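Working notes, structure below.
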Amino acid sequence: MRIAFFTETYPPYINGVATQTKMLKDTYELLGHEVLVVTVGSEKQKEKILKDGVLYLPGIELKKIYNYRISMPVSPSHLEEVVDFNPDIIHAQNEFGVGLSGRKFAKKYNIPLVYTLHSEYDRFLFYVGLKDGNPLFEKISKKLSDQFLKKLPESADIITSPSYKAQAYLDRQNIDKKVYVIENTIDNSKFLPSPEKDQFRKDFREKYKLSDSTKALVFVGRIGKEKNIEELVESFIYANVDADKAKLFIIGKGPDLESITEMIKEKNLEDKIICLGPVDNTDIPLYLSAMDYYTTASLSEMHSISMLEGMASGLPALIKLDEPNKSQIRQGLNGYTWEDKEDFKNLLDKVLNFSAEEEAKLKETTLAYIENNNNIKQAETLLALYEKAINEKNN
């Protein structure tokens with residue numbers, strides 16, 4: 001099968017969509033399929049560039065919205081490389097310029113369009129300032145954004161998402177279509193034990209005064225409002241554990257990093273809550289190997305890649321309960337959920353008092369869970385949906 005991805009984000013850009021698209025490309029090719037990725041290149045790029053099965057379009061950077069690079073929609077007649085590739089299926093991973101280019105291409109050449117919804121976009125309006133000004137302006141802007149973001153799901157032959165949240169999102173937008181939920185996966189091999197990781201864990205824990213009995217909790221992600229870092233930090237502070245029992249590490253960058261760092265400093269808790277800042281994506285497996293639990297208070301996720309990477313490193317997840325995603329955490333198997341700071345305090349007390357045997361068992365079942373959640377199964381499920389879309393289009 002010839003598969004063309006249209007996505008605004010792709011490595012070296014780092015986020016869940018970019019990671020998933022690259023992994024799917026590699027997996028499909030491993031299974032014998034041909035893949036072309038259409039994405040946004042450098043903001044300074046003036047012309048299209050085709051390299052290693054990736055077509056980079058000229059784009060600009062939006063500093064206010066995740067530092068996204070976006071491209072204006074491109075006419076199918078200007079995508080000769082995609083015409084030559086002659087795809088059997090178009091898979092759109094984003095809703096903006098590149099995704100809309102895929103929609104146009106699919107429509108012109110009567111190619112089935114599969115669309116994956118990765119975000120509840122009506123939850124992110126604060127990034128464009130819609131909630132800071134005139135209520136009438138907010139109402140009008142929301143209506144326009146909803147109309148714009150309806151284009152892809154309304155045109156798609158099949159809609160997928162890693163979370164049941166997507167169905168609720170489409171229902172709010174009055175789009176009467178079914179969402180096929182296919183959970184995110186990762187390449188587990190990057191997180192397997194190694195002598196390099198063992199040495200990094202030893203050096204890291206010595207540097208931050210972590211004894212064998214001190215538990216290191218970690219959050220990895222964008223330090224922005226939607227990730228709810230402030231509640232996580234406040235819950236950890238409320239738990240009031242000694243620094244020799246547990247420490248919280250925060251990895252990432254974003255607009256709220258400075259305010260979070262200042263809050264920790266004002267409370268004189270730099271010895272218990274440590275902001276490590278941004279870490280190169282290739283080094284994330286090393287840092288995770290030094291930790292004991294993954295934790296987050298974010299309710300903005302569809303299916304957190306960072307959480308899955310933590311699990312692949314043997315870290316059970318301590319996650320604020322997100323009702324639509326509650327099936328992603330199997331209590332006592334791959335982690336636990338908490339609802340408020342009192343609940344977090346009780347949960348932390350519970351895991352800090354696990355016996356060595358209980359802790360080892362939880363790590364073992366966490367690793368077993370993630371091994372069953374693999375990229376080959378995900379790819380095969382998607383390929384079956386591609387076949388369904390092709391057959392229905394032909395009929």
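One is the number of the first residue; the rest follow in order along the sequence. Remember, predicted model here, so these are calculated numbers, not experimental data.
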Verify the cluster assignment for Leu367 and Ile284: are they in a single hydrophobic cluster under the rule of side-chain heavy atoms below 4.5 Å apart? no
Just verifying a value: how many Å separate Lys108 NZ and Arg103 CZ, rounded to the nearest 0.5 Å? 15.0 Å
Would you say NZ of Lys48 has more than 12 non-hydrogen atoms from neighbouring residues, nucleotides or ligands within 6.0 angstrom? yes
With a 3.5 Å cut-off and no angle check, do the side chains of Gln199 and Asp203 form a donor-acceptor pair? yes
Check step by step if side chain to side chain donor-acceptor pair (under 3.5 Å) holds for Asn94 and Thr7. CA-CA 5 Å; Asn94 294 98; Thr7 176; 2.8 Å; yes
Between Glu309 and Lys190, is there a side-chain N and carboxylate O pair less than 4.0 Å apart? no
Pick from Tyr238, Tyr336, Trp338: which one makes a ring pair (Phe, Tyr, Trp, His ring centres under 6.0 Å) with Phe344? Trp338
Got a salt bridge between Asp322 and Lys165, using NZ or NE/NH1/NH2 to carboxylate O under 4.0 Å? yes
Please determine whether the number of non-hydrogen atoms from other residues, nucleotides or ligands lying under 6.0 Å from atom CD of Glu358 exceeds 12. yes
Expected output: side-chain Asp340 to main-chain Asp343 donor-acceptor under 3.5 Å: yes
Ser298 and Glu226: side-chain donor and acceptor closer than 3.5 Å? no
Electrostatic pair Glu270:Lys265 at N-O distance under 4.0 angstrom: no
From CG (Leu232) to OG1 (Thr296), nearest 0.5 Å: 6.5 Å
Would you call Lys393 and Asp157 a salt bridge, using N to O less than 4.0 angstrom? yes
Any salt bridge linking Lys227 with Glu301? Criterion: basic side-chain nitrogen under 4.0 Å from a carboxylate oxygen. yes
Ignoring hydrogens and angles, tell me if any N or O in the side chain of Arg2 forms a donor-acceptor pair with the backbone of Asp88 under 3.5 Å. no
Are Glu342 and Lys345 within salt-bridge range, i.e. N to O under 4.0 Å? no
Is the Tyr115-His91 ring centre distance short of 6.0 angstrom? no
Tell me whether Lys320 is salt-bridged to Glu231, with the criterion being a basic N under 4.0 Å from an acidic carboxylate O. yes
Which heavy atom of Thr185 sits nearest a heavy atom of Asn375, and at what distance? OG1-CA, 3.4 Å
Any chance the rings of Tyr287 and Phe200 have centres within less than 6.0 Å? yes
Going by distance alone, is a donor N or O of one side chain under 3.5 Å from an acceptor N or O of the other, for Asn391 and Asn395? no
Member of Ile237, Thr295, Ile274 meeting the side chain to side chain contact (heavy atoms under 4.5 Å, CB included) criterion with Leu248: Thr295
Report the C-alpha distance between Thr116 and Thr160 in whole Å, list the side-chain angles of each, state the deciding distance to 0.1 Å, and finish with yes or no for side chain to side chain donor-acceptor pair (under 3.5 Å). CA-CA 5 Å; Thr116 298; Thr160 75; 2.7 Å; yes
In terms of heavy-atom contacts, Gly335 and Pro316 come closest through CA-CB, 4.2 Å
Indicate whether the side chain of Gln378 and that of Gln20 have a donor and an acceptor atom separated by less than 3.5 Å. yes
Between Tyr386 and Tyr28, do the side chains contain an N or O donor and an N or O acceptor separated by less than 3.5 Å? yes
Does Glu196 CD have over 12 foreign heavy atoms under 6.0 Å away? no
Please confirm whether the backbone N or O of Met302 pairs with a side-chain atom of Gln328, one donor and one acceptor, at under 3.5 Å? yes
Within the distance-only criterion (no hydrogens, no angle test), does the side chain of Asn228 pair as donor or acceptor with the backbone N or O of Ala297 below 3.5 angstrom? yes
Under 3.5 Å, is there a donor-acceptor pair between the side chain of Asn325 and the main chain of His303? no
For Val83 and Pro76, which heavy atoms make the closest approach, and how far apart are they? CG2-O, 4.2 Å
NZ/NE/NH1/NH2 to OD/OE distance under 4.0 Å, Asp26 and Lys22: yes
Taking the basic N atoms (NZ, or NE/NH1/NH2) and the acidic carboxylate oxygens, is any pair closer than 4.0 Å for Asp292 and Lys247? no
Ring pair (Phe, Tyr, Trp, His ring centres under 6.0 Å) assessment of Phe204 paired with Phe249: CA-CA 12 Å; Phe204 181 92; Phe249 293 88; 5.2 Å; yes
Is atom CD of Glu47 surrounded by more than 12 heavy atoms (other residues, nucleotides or ligands) closer than 6.0 Å? no
Report the C-alpha separation of Ser161 and Ser163 in whole Å, then their side-chain angles, then the decisive distance to 0.1 Å, and conclude whether the side chain to side chain donor-acceptor pair (under 3.5 Å) test is met. CA-CA 5 Å; Ser161 177; Ser163 169; 5.5 Å; no
Can you tell whether the side chains of Lys363 and Glu359 come within less than 4.0 Å, N to carboxylate O? no
Assess whether a salt bridge exists between Glu357 and Lys361, defined as any Lys/Arg side-chain N lying under 4.0 Å from an Asp/Glu carboxylate O. no
Between the CG atom in Leu333 and the OH atom in Tyr369, the distance rounded to the nearest 0.5 Å is 8.5 Å
For the backbone of Ser189 and the side chain of Asp187, can you confirm whether one donor and one acceptor N or O come within less than 3.5 Å of each other? yes
Can a side-chain donor-acceptor contact be found between Ser77 and Ser75 if the only test is distance below 3.5 angstrom? yes
Determine whether the aromatic ring centres of Tyr56 and Tyr10 lie less than 6.0 Å apart. no
Closest non-hydrogen atom pair between Leu113 and Leu152, with its separation: CD2-CD2, 3.8 Å
Can you tell me how far apart CG (Leu315) and OG1 (Thr366) are? Round to the nearest 0.5 Å. 8.5 Å
Can you tell me if Lys197 uses its side chain to pair, donor with acceptor, with the backbone of Leu192 under 3.5 Å? yes
